[in-house]
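Just so it is clear, the values below take in all heavy atoms, side chains as well, and ignore hydrogens, waters and symmetry mates.
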Amino acid sequence: ATSSRKPSDFIGEVAVASSVLTHRVGQIRLDATDQYPQTTLTARLDTAVPDDIPRGREVLLVAHDAAKNIYVVTPINLEL
């Protein structure tokens, strides 16, 4: 049986940007695992990241904004 995941369960997971990610909004995709189906989540960039992230880039989920029900992400390969 598939159990539901709490927002905190996603923190630390790696996802792929399924749209352009900005400081306001975007979408990310977590690939399916043995336990869970593929999942699409609403996310925004961490304010420390200077530029938008293009579609297809891997990102790390670092926080969940419960008030807006949106995840905060940073790029895996931060090129400064």
Next on the checklist: Set out, in order, the CA-CA distance, both residues' side-chain angles and the distance that settles side-chain contact (heavy atoms from CB on, under 4.5 Å) for Thr22 and Val20, then state yes or no.
Outcome noted: CA-CA 7 Å; Thr22 69; Val20 173; 4.3 Å; yes
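A heavy-atom distance below 4.5 Å is found between the side chains of Asp46 and Val62. Between Val59 and Ile53, some side-chain heavy-atom pair lies under the 4.5 Å cut-off. Under the 4.5 Å side-chain criterion, counting only non-hydrogen atoms from C-beta, Leu41 is in contact with Leu61. Residues Leu21 and Asp52 form no side-chain contact, since every pair of their non-hydrogen atoms from C-beta on lies 4.5 Å or further apart. Contact annotation: the side chain of Ile28 never approaches that of Val16 to less than 4.5 Å [non-hydrogen atoms, C-beta and beyond].
Asp9 places a side-chain N or O within donor-acceptor distance of the main-chain N or O of Lys6, the cut-off being under 3.5 Å. At least one donor-acceptor pair closer than 3.5 Å links the side chain of Ser19 to the backbone N or O of Gln27.
Applying the side-chain hydrogen bond (donor to acceptor under 3.5 Å, both in side chains) rule to Asp51 yields no partners; only residues at least two apart in sequence or on another chain are considered. In terms of the salt bridge (charged side-chain N to carboxylate O under 4.0 Å, His left out) criterion, Arg55 has no residue partners (sequence neighbours excluded). In this view, Phe10 and Tyr71 satisfy the ring-ring contact (aromatic ring centres under 6.0 Å, His included) rule, not counting sequence neighbours. Partners of Thr47 by side chain to side chain contact (heavy atoms under 4.5 Å, CB included), not counting sequence neighbours, listed by chain and number: Arg44. Taking Asp65 as the reference, nothing meets the salt bridge (charged side-chain N to carboxylate O under 4.0 Å, His left out) condition, with sequence neighbours excluded.
Closest of all the heavy-atom pairs between His23 and Pro50 is CE1-O, 3.9 Å. Closest non-hydrogen pair, Pro75 versus Val49, comes out as CD-CG2, 3.6 Å. Closest approach of Pro54 to Ala17, counting heavy atoms only: O-CB, 3.6 Å. Pairing each heavy atom of Ala15 with each of Leu30, the nearest pair is CB-CG, 4.0 Å.
Listed by first and then second residue, the ring-ring contact (aromatic ring centres under 6.0 Å, His included) pairs involving residues 42-61 amount to none (not counting sequence neighbours). Each salt bridge (charged side-chain N to carboxylate O under 4.0 Å, His left out) pair with one or both residues in residues 12-28, not counting sequence neighbours, appears once here: Arg5-Glu13.
Taking CZ of Arg57 as the start and OG of Ser18 as the end, the distance is 14.5 Å to the nearest 0.5 Å.
Under the 4.5 angstrom side-chain criterion for Ile, Leu, Val, Met, Phe, Trp and Tyr, the cluster partners of Ile70 are Val25.
Side-chain heavy atoms closer than 4.5 Å link hydrophobic residues (I, L, V, M, F, W, Y) into clusters, and following such links, possibly through other members, connects Val72 to Leu60.
Under 3.5 Å, the side chains of His64 and Asn69 contain a donor-acceptor pair of N or O atoms.
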